[in-house]
Amino acid sequence: MPIHTLRNLGLAGLLVLATGVSADPLQAQPARSAVAPAVLAAPAHDITRFKIGALEAAALFDGTITVANDGKTFGVGRSPAEVAAVLKTNGLRQDQLELGIQPLLVRSASRILLFDTGAGDASFARGDALQASLRAVGVNPAQVTDIFISHAHPDHVGGLLGPRGGLAFPNAAIHLSAPEWAAMRDNKDQSVLAAAIAPKVVTFVPGAVVLPGLVTAVPVNGHTPGHSAYEVASGRDRLLYIGDSAHHSVVSVQKPDWTVEFDGDAATAQASRRALLRRAADENLRLYAVHFPYPGLGRVKAQGDGFVWIPETR
Ligand SMILES: [Zn+2]
């Protein structure tokens with residue numbers, strides 16, 4: 001969820017996000033009382049643990065974001081009915097799109113890595129469960145050595161500060177691409193956050209090997225000025241953390257060329273999304289998608305003019 005989206009949303013739009021109540025006439029609106037308010041923190045959640053070669057990893061549930069199918073966010077320029085048809089074919093609710101938020105934890109012999117930090121207490125998400133998820137896997141925030149930020153939108157950097165404004169992960173280096181950090185520092189809405197994290201920020205050139213043998217940045221252009229995916233490696237095993245290269249497991253994957261309002265440079269983001277999915281399908285890459293249904297672990301395969309998400313089952 002980008003900042004400009006939040007700025008552009010009027011109160012009505014925020015209420016739609018907050019309550020999940022859609023103005024879409026395609027489907028009857030749910031009773032307001034049946035929808036949990038966004039201000040409630042996400043409930044406790046089972047943790048999915050998995051391996052990347054010799055590395056221990058865990059999907060850390062932070063929360064969810066609900067987006068109305070109103071033609072303004074997914075499939076901009078297309079009718080809500082066209083988006084609804086894709087959702088219906090896949091057995092999903094048609095009046096809204098549900099996104100997960102699950103930062104990734106990876107433990108090596110000497111480091112504890114965190115990929116993005118969730119939404120914190122941002123009002124547009126039902127989130128802020130990251131710290132509880134960390135506790136559930138036995139990690140103290142002070143033990144985290146490295147944080148990798150895909151980009152500076154609030155659902156990815158919202159967990160960097162604690163409730164009193166101090167660093168939530170006091171001993172961690174905060175890695176992000178140089179252009180993303182430059183854009184973040186120029187963003188007046190993030191001046192407090194940028195000042196707080198500045199002493200911990202370590203920038204890299206897009207595509208750089210960030211931690212040799214362990215983490216390599218993969219530029220995926222268009223979403224934000226320096227958006228980055230990350231490849232995590234252990235021996236021959238690989239996992240690609242895709243950041244916001246694709247937001248929704250059905251619409252973004254099956255219709256990668258559809259415009260997403262969250263993408264700052266939509267045309268570039270669409271080309272990047274298709275290229276990433278093409279490569280992932282061709283190379284049978286194991287993916288970790290921060291916004292797909294929890295735990296966001298799986299692969300894609302080509303289907304028709306697009307692709308299809310195959311979640312990993314165990
Ligand atoms: Zn996001």
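- Within the 4.5 Å cutoff, the side chain of Trp309 has heavy atoms near those of the Leu287 side chain.
- Between His291 and His247, the angle of the ring planes stays under 30°, which puts this pair in the parallel group of the 30/60° scheme.
- Scanning both residues, Thr48 and Tyr294, for their nearest heavy atoms gives N-OH, 2.8 Å.
- Criterion: ILVMFWY side-chain heavy atoms under 4.5 Å apart, direct or through other members. Under it, Phe115 and Val218 are not part of a common hydrophobic cluster.
- Each of Val232 and Leu240 belongs to its own hydrophobic cluster when Ile, Leu, Val, Met, Phe, Trp and Tyr are linked at side-chain heavy-atom distances under 4.5 angstrom.
- Between Leu297 and Leu239 there is a side-chain heavy-atom pair separated by less than 4.5 Å.
- Val253 is not listed as a side-chain neighbour of Gln303, based on a closest heavy-atom distance of 4.5 Å or more.
- Between Ile65 and Ala125 the shortest heavy-atom distance is CG1-CB, 3.8 Å.
- For Lys200, the NZ atom counts as densely surrounded, since its 6.0 Å shell holds more than 12 non-hydrogen atoms of other residues, nucleotides or ligands.
- Nearest heavy atoms, Ala233 versus Leu55: O-CD1, 3.7 Å.
- To the nearest 0.5 Å, the span separating CD1 on Ile147 from CD1 on Ile174 amounts to 5.0 Å.
- Going from atom OH of Tyr288 over to atom CZ of Phe50 covers 6.0 Å, rounded to the nearest 0.5 Å.
- The distance from the OH atom of Tyr230 to the NE2 atom of His175 is 8.5 Å, given to the nearest 0.5 Å.
- Side-chain N or O atoms of Gln102 include one that pairs as donor or acceptor with a backbone N or O of Ala289 at under 3.5 Å.
- Phe262 and Ile242 fall into different hydrophobic clusters, where Ile, Leu, Val, Met, Phe, Trp and Tyr side chains are chained together by heavy-atom contacts under 4.5 Å.
- Annotation for Pro293 and Ser249: closest pair CD-OG, 3.4 Å, computed over non-hydrogen atoms.
- Residues Ile197 and Trp181 are in side-chain contact: their nearest non-hydrogen atoms beyond the backbone lie under 4.5 Å apart.
- For the pairing with Thr224, the side chain to side chain donor-acceptor pair (under 3.5 Å) check across His151, His156, Glu180 returns one residue only, Glu180.
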Test side chain to side chain contact (heavy atoms under 4.5 Å, CB included) applied to Phe148 and Leu104, step by step: CA-CA 10 Å; Phe148 297 86; Leu104 169 67; over 6 Å; no

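- Checking Asp116 against Ser150 by side-chain atom types alone, a donor-acceptor pair falls below 3.5 Å.
- Of all non-hydrogen atoms in Gly118 and Pro103, the two that sit nearest each other are N-CG, 3.5 Å.
- Under the 4.5 Å side-chain heavy-atom criterion for grouping Ile, Leu, Val, Met, Phe, Trp and Tyr, Ile112 is connected to Leu60 within one hydrophobic cluster.
- Taking each heavy atom of Leu113 and Thr145 in turn, the nearest pair found is CD2-OG1, 4.2 Å.
- Residue Leu99 is not grouped with residue Val76 when hydrophobic side chains (ILVMFWY) are merged at heavy-atom distances under 4.5 angstrom, including chains of intermediate members.
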Apply side chain to side chain contact (heavy atoms under 4.5 Å, CB included) to the pair Val215 and Asp146, showing each step before the final yes or no. CA-CA 11 Å; Val215 179; Asp146 299 89; over 6 Å; no

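- In summary, the side chains of His153 and Asp244 do not present any donor paired with an acceptor at a separation below 3.5 Å, with no hydrogens or angles considered.
- Between His227 and Ser245, the closest side-chain pair of non-hydrogen atoms falls below 4.5 Å.
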His248/Val86 under side chain to side chain contact (heavy atoms under 4.5 Å, CB included): CA gap, chis, key distance, verdict: CA-CA 12 Å; His248 191 270; Val86 175; over 6 Å; no

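- Between Arg286 and Glu312 there is a salt bridge, with a side-chain nitrogen of the basic residue lying less than 4.0 Å from a carboxylate oxygen of the acidic one.
- At least one side-chain heavy atom of Ser133 sits under 4.5 Å from a side-chain heavy atom of Ile47.
- Looking only at side-chain heavy atoms (C-beta outward), Val137 and Arg107 stay at 4.5 Å or farther from each other.
- Within a 6.0 Å sphere centred on NZ of Lys88, heavy atoms belonging to other residues, nucleotides or ligands number 12 at most.
- Between atom CG of residue Asp62 and atom CZ of residue Arg126 there is a gap of 12.0 Å, rounded to the nearest 0.5 Å.
- Using a 4.0 Å cut-off between charged nitrogen and carboxylate oxygen, Asp263 and Arg273 count as a salt-bridge pair.
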Go through Asn171 and Gln143 one step at a time and tell me if the side chain to side chain contact (heavy atoms under 4.5 Å, CB included) criterion holds. CA-CA 7 Å; Asn171 300 316; Gln143 295 175 296; over 6 Å; no

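- Side-chain atoms of Thr216 never come within 3.5 Å of backbone atoms of Glu231 as a donor-acceptor pair (strictly under, hydrogens ignored).
- To the nearest 0.5 Å, atoms CG (Leu87) and CG (Leu97) are separated by 5.0 Å.
- Looking at Val157 and Gln190, their side chains come closer than 4.5 Å, going by heavy atoms from C-beta outward.
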